[in-house]
J.: 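Take this structure, written in structure tokens, and hold onto it; I'll ask about it next.
For the numbers below, each heavy atom of this structure counts, side chains included, while hydrogens, waters and symmetry mates do not. Lettering of chains follows the sequences in order, A, B, ..., and the numbering in each one begins at 1.
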2 protein chains.
Amino acid sequence: MITKPPTLDDVAQAAGVSAATISRCINTPDRVAESTRLRIQAAIDALGYTPNFGGRALATRRTNIIGAVIPSMANSVFAGGIQAFQEVLAREKVTLLIGSSNYDPDYEFEQIQTLISHGADGMLLVGSKRPERTQQFLISRRIPTLNIWCYRADSDQLYVGFDNHRAGQDVAKLVLDYGHKAVAIVSGICDGNDRAADRLAGMTSVLDVPAYGAQTVMVHQTKYSFDHAAKAFDTVIAQSPRPTAILAGNDVLAAGMTQRAKALGFSVPDDVSITGFDDIALAQFVDPGLTTVRVPQVQMGHRAAEELLAEIREPGSGRSVELLTHIIKRGSLGPPAQG
Amino acid sequence: MITKPPTLDDVAQAAGVSAATISRCINTPDRVAESTRLRIQAAIDALGYTPNFGGRALATRRTNIIGAVIPSMANSVFAGGIQAFQEVLAREKVTLLIGSSNYDPDYEFEQIQTLISHGADGMLLVGSKRPERTQQFLISRRIPTLNIWCYRADSDQLYVGFDNHRAGQDVAKLVLDYGHKAVAIVSGICDGNDRAADRLAGMTSVLDVPAYGAQTVMVHQTKYSFDHAAKAFDTVIAQSPRPTAILAGNDVLAAGMTQRAKALGFSVPDDVSITGFDDIALAQFVDPGLTTVRVPQVQMGHRAAEELLAEIREPGSGRSVELLTHIIKRGSLGPPAQG
DNA sequence: CAGAATATTGCAAGCGCTTGCATTACGATT
DNA sequence: AATCGTAATGCAAGCGCTTGCAATATTCTG
């Protein structure tokens with residue numbers, strides 16, 4: 001027996017009131033008399049009624065769906081933040097429509113379009129810079145949007161994140177403090193990835209200060225994968241002078257390089273120090289543990305959800321918030337071998 | 001200037017045709033003459049038109065949204081599979097509405113309801129057993145549903161996964177082959193988690209075979225977190241006889257225990273062997289690498305998407321598929337110390 | 001070139017729900 | 001008891017899109 005799901009009218013009929021009353025009973029129970037409310041509730045339960053999503057979306061111009069497109073779900077970099085984000089949404093009966101961009105701006109645009117065409121009331125995006133057409137699209141559609149994993153004070157957009165540039169500087173300073181003079185950087189691919197670019201810029205801005213007397217042996221960009229990290233290590237370690245420290249753009253790269261270094265017989269940190277970025281779970285399991293930058297993922301997810309929700313409910317009410325990172329010292333960074 | 005987004009009628013007006021033709025041009029381009037199609041396309045581009053989601057959903061009774069409820073997004077266990085799942089959906093312009101259950105059946109039910117009330121055309125769920133009311137709800141709503149991370153031949157439901165029980169047996173056998181006689185199991189919490197329960201049952205079904213002359217020192221259930229794993233290790237290692245091998249219910253537990261073991265001065269695998277389950281990225285970075293069960297995550301995600309999509313487009317056409325696991329040997333499992 | 005077949009397009013009736021406005025019911029006030 | 005204020009409900013007009021059917025235009029066929 002293929003019965004169509006019950007509609008508002010069916011319930012109305014069953015309860016002996018008008019459809020409008022049913023609707024009110026569901027959305028604004030206070031505006032309905034106690035007695036009828038009970039009767040209606042009984043009818044709803046009896047029929048197993050659930051509001052039709054399309055009808056409701058059409059009438060209210062609201063879906064209670066928020067879209068998020070993150071660079072990747074495969075590595076756990078974004079998982080924690082998204083989980084936190086989703087927790088807050090769930091509490092508000094808002095759900096999360098998810099897309100991933102694979103770090104490709106074009107693909108990101110495509111995903112954004114898809115999510116929006118699927119009714120997203122708002123968007124969560126990672127990073128701050130994106131192609132003009134993407135920005136235009138978001139603006140023209142008037143979709144409240146919030147960016148995470150970065151922070152910009154000088155922008156009219158909404159951010160809940162941290163300063164990648166400064167964090168990059170922090171690691172670089174720490175490495176110099178340890179006395180390293182020959183340093184290499186293995187960064188993520190900066191094209192289309194402002195976080196990677198900012199981190200890298202922060203690092204070089206410190207390393208290149210002549211007064212420190214350090215030398216940036218090489219800056220190498222590669223994809224965030226263990227395999228690419230291993231290859232990057234091979235390239236970088238073959239430079240001359242050989243770097244005594246390698247700053248990685250994130251923990252995936254740092255972990256991959258550490259593993260490769262050990263496989264090649266290098267001791268970390270005695271022969272070469274390696275630092276990471278993000279402090280994903282992996283960082284503490286790599287041996288030696290990764291000295292890295294801890295990113296306030298959970299907090300970021302929570303705040304992002306709150307602010308984005310606020311912005312959606314009342315445009316203009318969302319606030320940007322800057323979070324702080326701090327360095328977690330583990331064993332992968334040490335002083336360079338004596339000369 | 002707050003302009004409302006353009007509607008079908010606006011485009012129709014602009015292109016000088018009826019709304020119906022625009023609709024066809026978007027959904028079934030072949031049924032529209034080349035010339036008008038171009039004209040319409042131009043109008044669409046000029047106005048920046050995008051179909052309204054609610055209207056479309058209402059008219060077609062289709063949202064092209066699939067819901068997925070996974071136990072957790074925080075650890076990377078499910079990330080790879082979901083990523084793969086999403087890739088296939090994206091290709092079909094279907095999007096993913098996501099919820100997480102935190103391994104709690106009640107919360108899972110709640111999430112399922114939310115996702116469905118948000119219009120999900122189909123559901124992806126993890127595991128096979130769930131409370132009666134959840135099943136009933138799914139059935140009464142006629143929501144095509146597919147279960148992953150497990151496989152049951154004897155069911156009328158759809159599965160794309162593997163046999164946790166058999167995989168559990170495999171690890172247990174391997175451990176016995178190495179000569180271990182005193183074995184402990186640290187499992188995930190089985191209540192409400194059939195995968196954990198199946199794995200555990202598989203393990204004990206082998207360990208308890210008298211002929212092997214082995215003894216299950218202890219079976220301990222705990223949450224999937226590094227901290228809980230560390231505590232579990234403390235408990236288990238204090239048993240008498242002290243186990244020479246610990247079988248973990250997943251890699252998070254195995255990694256956490258390995259780390260704890262080393263912190264306490266135990267050598268892995270010389271003092272105690274540890275095996276994992278899932279082969280998440282972490283497994284190869286733990287030192288020693290985790291001997292574990294590799295789960296075909298990506299394949300699972302892809303096939304799940306294909307079958308669920310098939311089932312949605314034509315009920316009855318989705319197929320269950322059983323995938324195979326295999327053991328990855330790394331250093332964490334070795335023979336027990338001599339007597 | 002007439003007649004038939006086919007390709008294009010338009011008409012209009014929904015899809016299920018919300019909501020401003022109008023109506024009715026019910027007490028409370030004087 | 002007449003008047004008034006408020007609470008509860010109903011009416012009906014959309015919200016934007018799809019689609020069966022009908023009307024018209026175009027292309028074939030012999």
Side-chain angles (χ1 to χ4, degrees), chain A residues 2-41 43-44 47-65 93 116-121 141-142, chain B residues 2-41 43-44 47-65 93 116-121 141-142:
Chain A
I2 303 206
T3 15
K4 278 188 6 179
T7 71
L8 246 205
D9 286 317
D10 296 333
V11 182
Q13 190 117 25
V17 292
S18 75
T21 303
I22 311 286
S23 176
R24 289 196 193 90
C25 180
I26 292 174
N27 301 303
T28 50
D30 330 322
R31 308 190 101 27
V32 172
E34 170 89 29
S35 59
T36 46
R37 197 187 318 155
L38 292 173
R39 197 147 35 91
I40 290 174
Q41 193 52 55
I44 288 180
L47 295 180
Y49 170 77
T50 327
N52 170 292
F53 179 68
R56 179 179 280 209
L58 186 53
T60 61
R61 293 103 177 296
R62 249 308 158 74
T63 57
N64 278 323
I65 288 178
K93 297 289 182 196
I116 289 181
S117 78
H118 280 76
D121 288 336
R141 284 277 168 296
R142 292 193 182 64
Chain B
I2 301 205
T3 14
K4 280 191 358 180
T7 70
L8 246 205
D9 285 318
D10 296 334
V11 182
Q13 190 117 25
V17 292
S18 74
T21 302
I22 310 286
S23 175
R24 288 196 195 91
C25 179
I26 292 174
N27 302 302
T28 50
D30 329 324
R31 308 189 99 29
V32 173
E34 170 90 29
S35 58
T36 45
R37 197 187 318 155
L38 292 173
R39 194 147 35 90
I40 290 175
Q41 192 54 54
I44 288 180
L47 296 179
Y49 170 76
T50 329
N52 170 290
F53 178 67
R56 182 181 283 215
L58 186 54
T60 60
R61 292 100 178 299
R62 230 345 135 68
T63 58
N64 277 322
I65 287 178
K93 296 289 182 196
I116 288 181
S117 78
H118 280 75
D121 288 336
R141 283 278 168 297
R142 292 193 183 64

J.: Looking at side-chain heavy atoms only, is the closest gap between A/R24 and A/V17 below 4.5 Å?
T.: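 No. Closest side-chain heavy atoms not under 4.5 Å.
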J.: Rounded to whole angstrom units, what separation is found between the CD atom of A/E34 and the P atom of D/dA8?
T.: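 Value for this atom pair: 10 Å.
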J.: Just how far is it from atom CZ of A/R141 to atom OG of A/S117, taken to the nearest 0.5 Å?
T.: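 A/R141 CZ to A/S117 OG: 10.0 Å, rounded to 0.5 Å.
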J.: Round to the nearest Å and state the distance from A/R31 atom CZ to D/dT6 atom P.
T.: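 So the CZ-P distance, A/R31 to D/dT6, works out to 13 Å.
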J.: Between the main-chain N or O of A/A19 and the side-chain N or O of A/S23, is there a donor-acceptor pair closer than 3.5 Å?
T.: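 No.
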J.: For B/N64, is there any backbone N or O sitting under 3.5 Å from a side-chain donor or acceptor partner on A/H118?
T.: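 Between the backbone of B/N64 and the side chain of A/H118 there is a qualifying donor-acceptor contact (under 3.5 Å).
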J.: Give a yes or no on whether A/R62 atom CZ has more than 12 heavy-atom contacts from other residues, nucleotides or ligands under 6.0 Å away.
T.: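 Result for CZ/A/R62: enclosed.
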J.: For nucleotides 15-26 of chain D, read 5' to 3', which letter fits each nucleotide if B means a protein heavy atom sits under 4.0 Å from the base, S means only the sugar-phosphate is that close, and - means neither?
T.: BBBBBB------
J.: Give me the one residue out of A/V11, A/N27, A/D10, A/D9 that meets side chain to side chain contact (heavy atoms under 4.5 Å, CB included) with A/I22.
T.: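 The single option meeting the side chain to side chain contact (heavy atoms under 4.5 Å, CB included) with A/I22 is A/V11.
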J.: If you look at every strand shown and take non-hydrogen atoms under 4.0 Å, does A/D10 touch a base, only sugar-phosphate, or nothing?
T.: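 Contact class for A/D10: none.
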J.: Which whole-number value in Å describes the distance from B/R39 CZ to C/dT8 C1'?
T.: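 After rounding, the reported distance stands at 12 Å.
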